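Note sheet for the following structure.
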Amino acid sequence: MTSLVLPQDPPPSLGLPRTQRPTFHCVEFCSTMAQLKQFHSQIIRLGLSTDNDAMGRIIKFCAISESGDLNYALKVFDKLPHPDAFIYNTIIRGYLEAQLTRNCIFFYFRMLQDSVAPNRFTFPSILRACCMDNATEEGKQIHAHVLKFGFGEDLVSQNNLIHMYANFGRLGEAQRVFDKIHQPDVVSWITLITGYSRLGFVDQAYKVFSLMPERNSVSWNAMIAAYVQSNRFHEAFAVFDRMRAEKVELDKFVAASMLSACTGLGALERGEWIHGYIESRGIEMDSKLATTVIDMYCKCGFLEKAIEVFGGLSQRGISSWNCMIGGLAMHGQGEAAIQLFKEMEKEVVAPDNITFVNLLSACAHAGLVKEGRYYFRYMTEVYGIEPKMEHFGCIVDLLGRAGLLEEARNLIDEMPMSPDAGVLGALLGACRIHREIELGEKIGKQVIELEPHNSGRYVLLANLYAEAGRWDDVATVRRLMNDRGVKKVPGFSVIEMDGVVNEFIAGGRGHPQAKEIYDKVDQMLESIRPAGYLPDTDGVLHDIEEEEKEHPLYYHSEKLAIAFGLLKTKPGVTIRISKNLRVCKDCHNATKFISKVFNREIFVRDRNRFHHFRNGECSCNDYW
DNA sequence: ATAGGGTTAG
């Protein structure tokens, strides 16, 4: 497709009816700018350099196609005496795709100034530009234009208005636009559902979802994703089951959402089922889906399988590498993470800042201080990546855990930005481990004021006080939380059994076999006492109230889940638990003893990492 | 007859 002859004879005349004029389809066969320029010059030689029909096609290629050149499009545009709406729309679209949203808006107003009436194709792009630019004023104004120019009935424009208002956080406006549509289509519904969900109104999203007259896989997925993103995994499963019951096939989007739900719960068996489905149905494994699968196996504790899937990928995008390195980090396999990083470099995949977050956190979790320091410098020196907040967080974590609190503090002082709650929280955690009460207190108060609504920050300081036996101060922190109306996130643990996800909350009696399970906990804790287990009540604020101090420690959610696991599985079978908070000191200690006395491997995934308990020891080396 | 909208990682 290198030479294409344009009709030269007779020379086209602008006065001819459309059917008799030359067509310019040749431009649509272009794949490079060089080819396009050839056609362009031929067309100019035909005397058509100011012909909208011809130039519109040239501009379309330059402004929108992958291999185009927006500046060239603009040059062509500047030579046109009377560009038509198509051409303006195309340039606006080009700016949009180049993410030059201010220029989109600017160009739209220029279009109006040039007295070219916008058409129904104009508004979707310009509304998206307003959306991306957070241009609320212009957005409202353009909404008025949509109506004024008579496109109040155009569905695509209305759907984009819904999208835009939702993005602005103006759900009332979004709903009003939706309500005015005579026949909303599936996209209108989905846009509204996603709008509610992204702003955290999941129940409202569900109300809309349940009103939909017809649903396709995209709408099912919008609802599933809404639940997954708000950590309501059981509800995601419920919607998924309904979708299956209605015989809707899952596509790669639904598969990805459901894998995330499995990841969130630590539901390995169900995750394996989805993965098997993807393979047997030949659902396309793009790099995003591959990353989701690998992430599921990592976070559900099946690291070997994650490595296998990773190894089998024909294309390894940066995110696959990052995910795998992060998985090794989470399992405390620092050396392996570094090995993998070196392999990545060998395959000439350029690491990005996330790669280094994961690599540094691998060093931190494995206590590889020397290596961590090395790669922190390496990142900037070799790849020119300036450390961001997260990188400082990793290094502070690394140094702090290793007891190098002074160095961690100095690093914080030298940071180019002021430390956020995450960075200071890392230092605070280190203070608790190393019983640096005074420094910890100072940092703890700072952290709380940085994130006064994050209950975890209060818990950390309270635990530090508890560590020092300062019970009055523990009470003060709790009072502060109460006064501010900050609710502690309830801790829960889940264990999957024959594909059923069993969820436990501390002291909860909701499980049908509660009696049996609680008896098992008592028996379990009695049998580890002779081996040396002593209950440790320091971490009390973790799950419970003061007056219940002594007792419910025994009934922390992970103890219930482990007891259930012992009850329901054959001797020797590995027990896998995942919980939403960090595992407390007492549970960690107890689990070590359980692994020895009951001769079981126990995997516990907590908020931060994996703990692999075996024969009385934990893979984290008590380093968490 | 050239153009527009919805869902997925880390």
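What you are looking at is a predicted structure, and each value in this text was computed from that prediction instead of being measured. In the text below, chain A, chain B and the rest are named by the order of the sequence lines, each starting its count at 1.
- With A/Ile64 as reference, A/Thr90 is the one residue of A/Leu70, A/Ile59, A/Thr90 to meet the side-chain contact (heavy atoms from CB on, under 4.5 Å) rule.
- Nucleotide B/dG10 holds its C1' atom 7 Å from the CG atom of A/Asn322, rounded to whole Å.
- Atom P of nucleotide B/dT2 and atom CD1 of A/Ile92 are separated by 21 Å, given to the nearest angstrom.
- Note: CZ (A/Phe240) to C1' (B/dT7) measures 15 Å, nearest angstrom.
- Regarding A/Phe310, its CZ atom lies at a distance of 16 Å from the P atom of B/dG10, rounded to whole Å.
- Residue A/Arg128 places its side chain closer to B/dG6 than to any other of B/dA3, B/dG6, B/dT8.
- The side chain of A/Arg198 has B/dT7 as its nearest neighbour among B/dT2, B/dT7, B/dG10.
- The distance between atom CZ of A/Phe253 and atom P of B/dA9, rounded to the nearest whole Å, is 10 Å.
- More than 12 heavy atoms of other shown residues, nucleotides or ligands fall within 6.0 angstrom of atom CZ in A/Phe168.
- Heavy atoms of A/Val254 sit nowhere under 4.0 angstrom from any nucleic acid atom.
- For A/Arg270 and A/Phe237, the positive end sits near the middle of the six-membered ring, less than 6.0 Å away and at most 45° from its axis.
- For A/Phe86, whose side chain is taken as the heavy atoms from C-beta onward, the closest listed nucleotide among B/dT2, B/dG10, B/dG6 is B/dT2.
- Side-chain contact between A/Met324 and A/Cys298 is present, with heavy atoms from C-beta onward closer than 4.5 Å.
- Side-chain proximity of A/Asp286 to B/dT8, B/dG6, B/dG10: nearest is B/dT8.
- If you measure from atom CZ of A/Phe61 to atom C1' of B/dA3, you get 17 Å, rounded to the nearest angstrom.
- Taking only side-chain nitrogens and oxygens, A/Lys288 never comes nearer than 4.0 Å to OP1 or OP2 of B/dG10.
- Looking at heavy atoms from C-beta onward, A/Phe29 lies out of side-chain contact with A/Gln35 at the 4.5 angstrom threshold.
- The environment of CD in A/Glu343 is crowded: more than 12 heavy-atom neighbours from other residues, nucleotides or ligands sit within 6.0 Å.
- For A/Thr191, whose side chain is taken as the heavy atoms from C-beta onward, the closest listed nucleotide among B/dA9, B/dG6, B/dG10 is B/dG6.
- When the nucleotides B/dA9, B/dT2, B/dG6 are ranked by their closest atom to the side chain of A/Ser319, B/dA9 comes out on top.
- Of all the residues in residues 115-123 of chain A, A/Asn119, A/Arg120, A/Phe121 reach under 4.0 Å from DNA chain B with at least one non-hydrogen atom.
- Side-chain atoms of A/His365 do not come within 3.5 Å of backbone N or O of A/His331 as any donor-acceptor pair.
- Using cut-offs of 30° and 60° on the angle between ring planes, the pair A/Tyr206 and A/Tyr227 is tilted.
- Rounding to whole angstrom units, NZ of residue A/Lys252 and P of B/dT7 are separated by 14 Å.
- What separates CG of A/Leu289 from C1' of B/dT7 is a distance of 13 Å, to the nearest Å.
- Side chain of A/Ser217 to main chain of A/Leu250: no donor-acceptor pair is present (N/O by atom type, distance under 3.5 Å, no hydrogens or angles).
- Side-chain N/O atoms of A/Arg93 include none lying less than 4.0 angstrom from OP1 or OP2 on B/dT2.
- Listed nucleotides: B/dA9, B/dG10, B/dT7. Nearest to the side chain of A/Thr194: B/dT7.
- For the segment residues 203-236 of chain A, residues with any heavy atom less than 4.0 angstrom from an atom of DNA chain B are, sorted by number, A/Asn216, A/Val218, A/Asn221, A/Gln229.
- Under a 3.5 Å cut-off, the side chain of A/Asn160 and the backbone N or O of A/Leu127 do not form any donor-acceptor pair.
- The residue A/Ser157 sits close to a base: some heavy atom pair falls under 4.0 Å.
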